[in-house]
Amino acid sequence: MGVTHLEIQQDPQSTLTKQELSNYILKWFPSMTLSQDVSTIPEKNILDDKVLHKNVTKIRIFQQGIKEEKNAVECHVYQLDDTGPQMDYIEGEESIPSATHYMLPCKELDNIWDTLEYDSDVKEELLNFTKTAMLFAKHNVCEDIIAINRVVLLHGPPGTGKTTLCKALANKLAIRLSESFDCGQLIEINSHSLFSKWFSESGKLVMQMFSKIRELIMEPNYFLCVLIDEVESLAHARNAGSSDAEPADSMRVVNALLTQIDSIRKFPNVLILTTSNVTQAIDLAFVDRADIKKYIGLPSAQVLYKIYKSCIKELIKKGLIAYEQLSQKDEPILEAAENDFLMEIAKKSQGLSGRNARKLPFLGYAKHIATVRPDTITYLKALEKAVEEEFNDRKMLSA
């Protein structure tokens, strides 16, 4: 049976409780006539309803599983935090910037999940993983019998969106788990800061960092995501040292990290998200602790096409590309010839990372558009030139 998830962003001025708003929407939503591919409730429908107009900013729709006549509907009511990321420090002889701290869900991460495109169902897999981990914890499944570390490792080439996916996942979980936890938080550990000029003290710094994390997860109503980007800098393979002094220090760091991960695995309200560009450098003991090890590769032509198309639609919506044909939802509809041209550009772009691809729509406009509000074909030609120049520049750099 399928599930429809309604993510309701509550207006800060709303006077309703989350439960009251959820109950109202559960009665209101079945009356809506929506196409299966809709991802948000049209703004007009919110404005037309007096209760929603006063209490709701946005409603997102996510279909999970096979849609049936008696599809279950789940409401997730949340408000966005607007305080912005805060820097955490470890105090000692010097104040060491140890981590960046986000209160979730937050404005900075609000729309990222929807923009991420992958060739696999990695987003759905990560959501299902967390949902199952929470289910096992709720039923007190013995972790000495069934091992669950709540550790995720995303690996692959640079620029493929691993870190962005981790942050977006943390924000998404804060929304989806809002009925179970009062507060969501993301701690992004500053690995390079802990492992630079304080090298000989890095093992102690790791333990101090996790001591702060443990203080947070002792509060059962908090859900905490810990992000360790480029985890190989802290979990470097212990047999790969290059000098007499460094192996001992490196081993202390890895031992400290593994010990701390083992010590917090008993807490059901924490998830450790890690990324790596160089998996060969990661200690195998850490790899063994990861429940999910997911490769995030370079995007295919189909994914690059989706990325470019989303960029073009954004430029059309903001009035930077002249376009007349809109759907009933005020969404641009590219014609067949435009779609075919865009797919050819996407095929030429194979080998680029998602991060590279998202820069090119700007560069094409900046370098090759001489008129105000060009038509779509003119803009696509400019984008094609930007792609060709990107590959030429790469050849020059490697020559």
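Predicted, not measured: the structure shown is a model, and the values here were computed from it.
- For the side-chain contact (heavy atoms from CB on, under 4.5 Å) with Ile8, the qualifying choice from Thr57, Ile175, Leu21, Ile41 is Leu21, the only one to do so.
- Other residues, nucleotides and ligands place no more than 12 heavy atoms under 6.0 Å from the CD atom of Glu43.
- Remark: the Asn356 side chain and the Ser353 side chain contain an N/O donor-acceptor pair separated by less than 3.5 Å.
- At a cut-off of 3.5 Å, with distance as the only test, no side-chain donor of Asp11 or Ser14 sits close to an acceptor on the other residue.
- Atom NE2 of His368 sits about 10.5 Å away from atom OH of Tyr379, to the nearest 0.5 Å.
- For the residue pair Gln9 / Arg60, no side-chain donor-acceptor distance below 3.5 Å is found, with atom types taken as modelled.
- Although no hydrogens or angles enter the test, the distance criterion places no donor-acceptor pair under 3.5 Å between the side chain of Lys266 and the main chain of Ser263.
- By the 6.0 Å contact criterion, NZ on Lys306 is open, its count of non-hydrogen atoms from other residues, nucleotides or ligands being 12 or less.
- Annotation: the span from Ile292 atom CD1 to Asn128 atom CG amounts to 9.0 Å, rounded to 0.5 Å.
- Heavy-atom minimum distance, Gln63 versus Ile61: NE2-CG2, 4.1 Å.
- Of the residues Asp81, Leu173, Asn171, Leu186, the one that meets the side-chain contact (heavy atoms from CB on, under 4.5 Å) test with Pro105 is Asn171.
- The residues Glu314 and Lys318 are annotated as salt-bridged, a charged nitrogen and a carboxylate oxygen being separated by less than 4.0 angstrom.
- Within 6.0 Å of the CG atom in Leu284, the count of heavy atoms belonging to other residues, nucleotides or ligands does not exceed 12.
- The structure places NZ of Lys309 at 10.0 Å from CD of Glu338, a figure rounded to the nearest 0.5 Å.
- Of the possible donor and acceptor atoms, one in the side chain of Gln350 sits under 3.5 Å from a partner among the backbone N and O of Lys347.
- Nearest heavy atoms, Ala147 versus Arg265: CA-NH2, 3.9 Å.
- Within a 6.0 Å sphere centred on CZ of Phe362, other residues, nucleotides and ligands contribute 12 heavy atoms or fewer.
- Between Arg150 and Ala137, the shortest heavy-atom contact is NH2-CB, 3.9 Å.
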Mind running salt bridge (charged side-chain N to carboxylate O under 4.0 Å, His left out) on Arg176 and Glu74 for me, showing each step along the way?
CA-CA 9 Å; Arg176 291 288 178 92; Glu74 294 185 8; over 6 Å; no

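- When every heavy atom of Ile316 is checked against every heavy atom of Pro332, the shortest pair comes out as CG2-CG, 3.7 Å.
- Minimum heavy-atom separation, Thr160 to Pro157: OG1-O, 2.9 Å.
- Checked by atom type and distance alone, the side chain of Asn55 pairs as donor or acceptor with a backbone atom of Val51 at under 3.5 Å.
- In this structure, the ring pair (Phe, Tyr, Trp, His ring centres under 6.0 Å) partners of Tyr295, at least two apart in sequence or on a different chain, are His155.
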Could you please spell out the steps behind the side chain to side chain donor-acceptor pair (under 3.5 Å) verdict for Ser191 and Glu230?
CA-CA 8 Å; Ser191 304; Glu230 298 183 26; over 6 Å; no

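- With respect to Lys359 and Glu390, no salt bridge is recorded, no charged nitrogen being found less than 4.0 Å from a carboxylate O.
- In this structure, the separation between CZ on Phe210 and CG on Leu257 is 5.5 Å, given to the nearest 0.5 Å.
- Judged purely by atom type and a 3.5 angstrom limit, Thr274 uses its side chain to pair as donor or acceptor with the backbone of Val152.
- Tyr323 does not carry Arg373 over the face of its six-membered ring by the limits of under 6.0 Å from the centre and within 45° of the normal.
- In this structure, Asp49 contributes its side chain and Leu52 its backbone to a donor-acceptor pair below 3.5 Å.
- Checked by atom type, the side-chain pair Gln19/Asn23 shows a donor-acceptor distance below 3.5 Å.
- A donor-acceptor distance shorter than 3.5 angstrom exists from the side chain of Gln10 to the backbone of Leu16, with no hydrogens or angles considered.
- Around CG of Asp48, the count of heavy atoms belonging to other residues, nucleotides or ligands within 6.0 Å exceeds 12.
- For Phe181, the ring pair (Phe, Tyr, Trp, His ring centres under 6.0 Å) criterion is met by Phe223, not counting sequence neighbours.
- The nearest pair of heavy atoms linking Ile296 to Val122 is CD1-CG2, 4.0 Å.
- Side-chain atoms of Asn255 come within 3.5 Å of backbone N or O of Met251 as a donor-acceptor pair.
- With His101 as reference, Gln185 is the one residue of Gln185, Lys212, Gln86 to meet the side chain to side chain donor-acceptor pair (under 3.5 Å) rule.
- Note: Thr275 OG1 to Leu154 CG = 7.5 Å, rounded to the nearest 0.5 Å.
- The 12-atom threshold is not exceeded at NZ of Lys381, counting heavy atoms of other residues, nucleotides or ligands nearer than 6.0 Å.
- Residue pairs meeting the ring pair (Phe, Tyr, Trp, His ring centres under 6.0 Å) criterion with at least one member in residues 117-149: none, sequence neighbours excluded.
- Taken from SG in Cys166 to CG in Leu153, the straight-line distance is 9.0 Å, to the nearest 0.5 Å.
- A salt bridge does not link Glu108 with Lys167: every distance from a Lys NZ or Arg NE/NH1/NH2 to an Asp or Glu carboxylate oxygen is 4.0 Å or more.
- A side-chain donor-acceptor contact under 3.5 Å links Asp119 to the backbone of Ser300.
- A donor-acceptor pair under 3.5 Å is absent between the side-chain atoms of Asp110 and the main chain of Cys106, judged by distance alone.
- Salt bridge annotation for Lys162-Asp229: absent, with no cationic side-chain nitrogen under 4.0 angstrom from a carboxylate oxygen.
- Of the possible donor and acceptor atoms, none in the side chain of Asn221 sits under 3.5 Å from a partner among the backbone N and O of Asp182.
- Annotation for Tyr24: atom OH counts as buried by contact number, over 12 foreign heavy atoms lying within 6.0 Å.
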